[in-house]
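All residue numbers refer to positions in the sequence shown, counting from 1. We use all heavy atoms of the structure for the numbers below, so side chains are in, but hydrogens, waters and symmetry mates are not.
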Amino acid sequence: MSVVEEAVLWLNDPLTWTRSGGIIDLGIEHLVMTAIAVALAAAFAIPLGAWLGHTGRGAGAMVALGNATRAMPTLGIILLLAAGGLFGNTATVIAAAIFAVPVLLTNSYEGVRGADPAARDAGRGMGMSGTRVLVQVELPLATGLIAAGLRTTIVQVVATIPLAALAGGGGLGQIIAFGMGTQRYGQVLAGGIVVAALALVLDALLAVAQRLVTPAPLRVNPRQRRRRVPAAP
């Protein structure tokens, strides 16, 4: 029996999904870990990125720091935390949150900084304070870019959380780790398929959510985008 056939057989077994510790249980644990990691990163990065985009102070240093964290492999962070005595889901959530910060920080900064200057000046001309201009003018205009950053971050974290199994954590990575440990490579392939399918489904759902939260005047549909691109000579 080939690896592909083993994977198909494993995925078609109802007990694989419904038993205690099966795909459904592990998938829920996977999503909870993802939600906590993204929430931690968003609580830090979005307000900071928005404020830096509003003031422009210290922006270069923070964006450089955010870019530097992209070079740090998530597995390396997990191993560093494990060396410090922190294992399991907690270590993975912290590592995934660190991994998620750069995209959210950069998108928030760029979204606020790129707000229409005319709208910003109009808000100031109406007597708004700096905070009100940020909250009532710049952040709404930056919603699309911030939502795009959240979408990208969530999909990336979903694909990263399987590393938790290497540090004794849970989630769908357990399927892959157990398959590797027992040399059941069909199960390894099946675990990879489940993680990829989850990421694709979430990406599709988040694309819809992104469109819903983006103000209608800021949406650019594909037909408009094509009309804006000049034809090649």
Side-chain angles (χ1 to χ4, degrees), residues 1-41 68-104 148-209:
M1 184 180 294
S2 69
V3 172
V4 174
E5 290 173 333
E6 289 179 9
V8 171
L9 185 63
W10 191 83
L11 288 171
N12 279 319
D13 184 351
L15 288 178
T16 298
W17 295 80
T18 57
R19 66 179 170 81
S20 177
I23 293 177
I24 293 177
D25 286 349
L26 294 175
I28 293 172
E29 187 178 23
H30 197 104
L31 292 175
V32 170
M33 293 169 65
T34 298
I36 295 173
V38 174
L40 288 175
T69 60
R70 294 182 180 181
M72 298 174 63
T74 307
L75 179 59
I77 299 173
I78 293 174
L79 294 177
L80 283 175
L81 294 172
L86 195 59
F87 298 93
N89 292 353
T90 303
T92 307
V93 166
I94 293 174
I98 295 173
F99 174 73
V101 163
V103 175
L104 294 173
L150 273 172
R151 175 184 167 189
T152 302
T153 299
I154 291 171
V155 174
Q156 287 181 342
V157 171
V158 164
T160 303
I161 287 294
L163 294 174
L166 301 177
L172 294 171
Q174 282 193 357
I175 298 171
I176 299 173
F178 186 77
M180 292 291 290
T182 57
Q183 297 185 346
R184 296 177 180 174
Y185 299 113
Q187 183 174 335
V188 174
L189 176 61
I193 291 172
V194 171
V195 173
L198 180 62
L200 290 174
V201 170
L202 274 178
D203 187 47
L205 294 175
L206 291 169
V208 176

Review point. What residues form a side-chain contact (heavy atoms from CB on, under 4.5 Å) with Ile94, not counting sequence neighbours?
Key: Leu81, Leu86, Thr90, Ile98

**Study point:** Residue list, side chain to side chain donor-acceptor pair (under 3.5 Å) with Glu29, at least two apart or on another chain
**Key:** Asn89

Check your understanding: Given side chains that start at C-beta, do those of Val38 and Leu150 come closer than 4.5 Å, heavy atoms only?
Key -> yes

Revision key, fill the gap. side-chain hydrogen bond (donor to acceptor under 3.5 Å, both in side chains) pairs touching residues 161-171, sequence neighbours excluded, are none

**Study point:** Check: His30 side chain, Pro162 main-chain N or O, donor-acceptor pair, under 3.5 Å
**Key:** no

Practice item. Could I get the full list of side-chain contact (heavy atoms from CB on, under 4.5 Å) partners for Leu205, not counting sequence neighbours? Key: Val201

Review point. Are Val32 and Ile36 side-chain neighbours, meaning at least one heavy-atom pair lies under 4.5 Å?
Key: yes

Practice item. List for me each residue that meets side chain to side chain donor-acceptor pair (under 3.5 Å) alongside Arg151, sequence neighbours excluded, and say none if there are none. Key: Asp203, Gln210

Point to revise | Interatomic spacing from CG in Leu202 to CD1 in Ile154 - rounded to 0.5 Å | key: 7.5 Å

Review point. Which residues satisfy the side-chain contact (heavy atoms from CB on, under 4.5 Å) test with Tyr185, sequence neighbours excluded?
Key: Val3, Met180, Gln183, Val188

Practice item. Please examine the side chains of Ile161 and Leu172, heavy atoms only from C-beta on, and report whether any two atoms are closer than 4.5 Å. Key: no

Do any side-chain atoms of residues 7-23 form donor-acceptor pairs under 3.5 angstrom with protein atoms, and if so which ones, sequence neighbours left out?
{"from": "Asn12", "atom 1": "ND2", "to": "Val8", "atom 2": "O", "distance (Å)": "3.0"}
{"from": "Asp13", "atom 1": "OD1", "to": "Leu15", "atom 2": "N", "distance (Å)": "3.1"}
{"from": "Thr16", "atom 1": "OG1", "to": "Trp10", "atom 2": "O", "distance (Å)": "2.9"}
{"from": "Thr16", "atom 1": "OG1", "to": "Asp13", "atom 2": "O", "distance (Å)": "3.4"}
{"from": "Trp17", "atom 1": "NE1", "to": "Leu11", "atom 2": "O", "distance (Å)": "2.7"}
{"from": "Thr18", "atom 1": "OG1", "to": "Pro14", "atom 2": "O", "distance (Å)": "3.0"}

